[in-house]
S.K.: 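My questions will all concern the structure given below.
Source: prediction; values computed, not measured.
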Amino acid sequence: MTQGDHAGQGALADPAAYDVIADRTDAYFNRTRAIVEHFGDRKVTYAIFLRRPVISAPRLMVDWFRAVAAKQGVDIDCTIMFPEGTWVGAGEPLAYVTGSFAWLATLETLALQQLGPACVAAHNAYQMAMALPHVRFMAMEARHCAGFDMQDQMAYAASVGSRAAQKEGALGFVGGANDATAHYFGTGKGLGTMPHALVGYAGSTLRAAEMFHEVYPQMDLAVLVDYFGREVTDALEVCRHFPELAATGRIGVRLDTHGGRFLEGLDPQSSYAVLERHSPGSIRRYRSDKELSYLVGTGVSAAAIWRMREVLDEAGFPHVRIIASSGFGVEKCLSMADAHAPVDVIGTGSFIPDRWSETYATADIVAYDGTPRVKVGREFLLRRNGG
């Protein structure tokens with residue numbers, strides 16, 4: 001068997017199997033296991049934490065621990081200190097895991113991979129939903145992920161952050177981009193509009209809309225209108241072609257304007273004028289360059305959304321919804337909220353953490369056979385009851 005064959009089999013093998021775990025964990029943990037088995041195993045307790053505030057999203061890690069324990073026939077106690085969806089302060093132990101040192105040593109690397117990124121992404125999704133509580137979000141993370149494992153983790157995280165926001169009155173994330181992760185949002189199928197490729201295939205935005213409606217007549221018609229750079233013209237053409245759908249709120253126009261140009265009919269001066277009409281306070285205060293780009297810059301700006309709302313209403317289509325995409329992370333959502341941008345739905349994968357270093361979870365042993373012991377500087381991790 002070649003090295004490539006072995007790697008390929010490992011990727012498809014049972015992730016709870018010992019040989020797969022040994023291959024994927026850090027070598028010094030495998031050596032630690034061998035040393036501990038040689039000199040005598042001990043019962044230890046690990047504290048797991050992150051260095052920044054997050055939303056607790058431990059389910060994937062806990063499920064994995066339990067699957068490995070069941071597969072290998074060992075006992076483990078995993079105590080979650082912050083229930084799923086609750087806020088966790090920087091440095092606060094999110095979980096304590098107790099069991100055999102020889103057994104747990106090899107699991108640390110893989111367990112941390114499944115916790116930190118999910119908790120940070122959940123916090124991002126929560127902030128986005130709370131910034132725009134009256135907007136429905138669609139999780140569009142798949143194309144930005146390094147494989148399905150990451151995609152699954154990010155979709156789970158978005159659902160956790162969303163549910164936390166929904167408890168506070170936000171609409172949050174109502175679905176994901178594909179069927180495989182739809183269950184996290186309580187839906188059976190993935191959501192989404194037509195891609196640019198279909199518009200190019202059809203030759204016109206209207207023809208793409210006709211094709212979509214002919215094949216999926218029961219679905220709402222969400223039309224991507226930026227392909228030809230005629231967002232306003234093409235949106236109105238589709239609405240006029242389907243007046244009944246437009247009147248009953250079954251048409252949505254999706255803005256995904258390229259960051260290298262303005263929405264049809266806009267430029268810097270007219271973008272400022274749009275916000276001056278609808279949200280003057282948002283542009284009269286000091287703004288960073290990034291905030292200004294979100295408000296009046298190229299691409300899908302607050303001004304672009306307001307302008308599309310203006311032309312739809314003026315043309316007699318007040319029930320046509322506006323769907324926006326393109327870089328809607330926490331900061332952009334906050335800017336849209338400040339401008340009261342009349343967006344109905346946002347498709348985004350930008351809850352994926354920007355700075356991956358912030359996702360690094362850490363595990364430290366805090367007790368050996370029930371005796372508290374931790375490296376100097378990490379005393380804050382000790383359980384208050386001394387366990």
Side-chain angles (χ1 to χ4, degrees), residues 1-51 58-81 91-120 146-147 149-150 153 356-383 386-387:
M1 180 184 292
T2 67
Q3 184 176 3
D5 291 336
H6 178 77
Q9 286 196 5
L12 297 172
D14 179 357
Y18 171 69
D19 58 342
V20 176
I21 291 172
D23 281 347
R24 297 180 182 181
T25 197
D26 293 321
Y28 57 85
F29 288 129
N30 289 327
R31 296 184 181 119
T32 296
R33 175 174 182 147
I35 293 168
V36 170
E37 288 177 334
H38 179 79
F39 286 99
D41 200 3
R42 303 182 73 175
K43 183 179 181 180
V44 298
T45 297
Y46 282 84
I48 302 178
F49 70 99
L50 280 88
R51 291 174 173 82
R59 192 196 323 168
L60 299 182
M61 181 190 73
V62 172
D63 287 350
W64 182 77
F65 266 131
R66 289 173 178 166
V68 176
K71 180 77 174 182
Q72 300 185 14
V74 299
D75 293 325
I76 182 177
D77 178 72
C78 186
T79 303
I80 300 300
M81 305 305 292
E92 296 192 69
L94 195 151
Y96 289 101
V97 181
T98 300
S100 155
F101 185 22
W103 183 74
L104 283 173
T106 60
L107 304 186
E108 179 179 328
T109 300
L110 279 70
L112 297 182
Q113 290 174 350
Q114 298 177 70
L115 180 70
C119 290
V120 176
D149 285 348
M150 180 181 176
Q153 187 180 87
W356 206 250
S357 61
E358 291 188 346
T359 73
Y360 301 160
T362 301
D364 280 327
I365 294 178
V366 296
Y368 296 82
D369 288 333
T371 301
R373 187 183 306 150
V374 70
K375 81 172 189 178
V376 173
R378 295 280 172 81
E379 293 83 2
F380 63 91
L381 295 174
L382 293 170
R383 300 182 80 161

S.K.: Students often mix this up, so state it plainly: with edges at 30° and 60°, are the rings of Phe380 and Phe49 parallel, tilted or perpendicular?
M.R.: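 Because their plane-to-plane angle is over 60°, the rings of Phe380 and Phe49 count as perpendicular.
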
S.K.: With a 4.5 Å heavy-atom cut-off, do Leu60 and Gln153 have their side chains touching?
M.R.: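 Yes - at least one pair of side-chain heavy atoms lies under 4.5 Å apart.
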
S.K.: Taking all atoms of both residues into account, what is the closest heavy-atom pair of Pro58 and Leu94, and its distance?
M.R.: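 Result for this residue pair: CB-CD2, 4.0 Å.
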
S.K.: Sequence neighbours excluded, which residues qualify as side-chain hydrogen bond (donor to acceptor under 3.5 Å, both in side chains) partners of Asp369?
M.R.: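 Asp369: side-chain hydrogen bond (donor to acceptor under 3.5 Å, both in side chains) contacts with Arg42.
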
S.K.: CZ of Arg66: more than 12 outside heavy atoms within 6.0 angstrom?
M.R.: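 No, not enclosed.
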
S.K.: Can you sort out the partners of Arg31 under side-chain hydrogen bond (donor to acceptor under 3.5 Å, both in side chains), two or more places apart, ordered by chain and number?
M.R.: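 With neighbours one apart ignored, the set is empty.
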
S.K.: For Trp356 and Tyr360, work out which heavy atoms get closest and say how close.
M.R.: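 Heavy-atom minimum between the residues: O-CE2, 3.3 Å.
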
S.K.: Applying side-chain contact (heavy atoms from CB on, under 4.5 Å) between Val62 and each of Ile76, Ile80, Thr79, report the one that passes.
M.R.: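 Of Ile76, Ile80, Thr79, side-chain contact (heavy atoms from CB on, under 4.5 Å) with Val62 is met by Ile80 alone.
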
S.K.: Kindly give the heavy-atom pair with the smallest separation between Pro93 and Ala47, and that separation in Å.
M.R.: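 Reported closest heavy-atom pair: CB-CB, 4.5 Å.
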
S.K.: Working to the nearest 0.5 Å, report the span between CD of Gln114 and CZ of Phe65.
M.R.: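 So the CD of Gln114 and the CZ of Phe65 are separated by 8.5 Å.
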
S.K.: Heavy-atom distance under 4.5 Å between the side chains of Ser100 and Leu104, does that happen here?
M.R.: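 Not touching, per the 4.5 Å side-chain cut-off.
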
S.K.: Looking at Leu381 and Gly91, what are the two nearest heavy atoms and their distance?
M.R.: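 It is CD2-O, 4.0 Å.
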
S.K.: Are any side-chain N or O atoms of Glu379 and backbone N or O atoms of Gly377, one a donor and one an acceptor, separated by less than 3.5 Å?
M.R.: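 Yes; judged by distance alone, with no hydrogens or angles, the pair exists.
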
S.K.: Mind checking what makes salt bridge (Lys or Arg N to Asp or Glu O under 4.0 Å) contact with Glu37, not counting sequence neighbours?
M.R.: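 Testing Glu37 for salt bridge (Lys or Arg N to Asp or Glu O under 4.0 Å), a comparison that skips the adjacent residues, returns Arg33.
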
S.K.: Tell me, please, which residues at least two apart from Asp26 pass side-chain hydrogen bond (donor to acceptor under 3.5 Å, both in side chains).
M.R.: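 Listed in chain order: Thr109.
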
S.K.: Quick one: side-chain hydrogen bond (donor to acceptor under 3.5 Å, both in side chains) partners of Thr32, sequence neighbours excluded?
M.R.: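 Checked Thr32 against side-chain hydrogen bond (donor to acceptor under 3.5 Å, both in side chains); zero matches.
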
S.K.: If only side-chain N and O atoms count, and only distance matters, is there a donor-acceptor pair under 3.5 Å linking Arg51 with Thr362?
M.R.: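 Their side chains do contain a donor-acceptor pair, which is all the 3.5 Å distance test asks for.
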
S.K.: Other residues, nucleotides and ligands only: do more than 12 of their heavy atoms fall within 6.0 Å of CG on Asp149?
M.R.: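 Counting neighbours around CG of Asp149, 12 or fewer heavy atoms of other residues, nucleotides or ligands fall under 6.0 Å, so no.
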
S.K.: How long is the straight-line distance from CD1 of Ile365 back to OG1 of Thr45, given to the nearest 0.5 Å?
M.R.: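 Interatomic distance, Thr45 OG1 to Ile365 CD1, rounded to 0.5 Å: 9.0 Å.
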
S.K.: The criterion is side chain to side chain contact (heavy atoms under 4.5 Å, CB included); which residues satisfy it with Ala363, sequence neighbours excluded?
M.R.: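 Checked Ala363 against side chain to side chain contact (heavy atoms under 4.5 Å, CB included); matches are Tyr46, Ile48, Glu108, Leu112.
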
S.K.: Could you check whether any side-chain N or O of Asp41 sits under 3.5 Å from a backbone N or O of Phe101, counting only pairs where one atom can act as donor and the other as acceptor?
M.R.: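 Looks like yes, one N/O pair under 3.5 Å.
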
S.K.: Side chains of Thr106 and Asn30 only: does a donor on one sit below 3.5 Å from an acceptor on the other?
M.R.: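 There is no such pair (donor and acceptor under 3.5 Å, judged by atom type) between the side chains of Thr106 and Asn30.
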
S.K.: Using a 4.5 Å cut-off on heavy atoms from C-beta on, say whether the side chain of Val366 contacts that of Tyr96.
M.R.: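 Side-chain contact under 4.5 Å: yes.
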
S.K.: If you look at every heavy atom in Thr98 and Lys43, which pair is closest and at what distance?
M.R.: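 Answer, listing the atom of Thr98 first, then Lys43: CG2-CE, 3.3 Å.
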
S.K.: Is any side-chain heavy atom of Ile21 closer than 4.5 Å to a side-chain heavy atom of Val68?
M.R.: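 Yes, at least one pair of side-chain atoms sits under 4.5 Å.
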
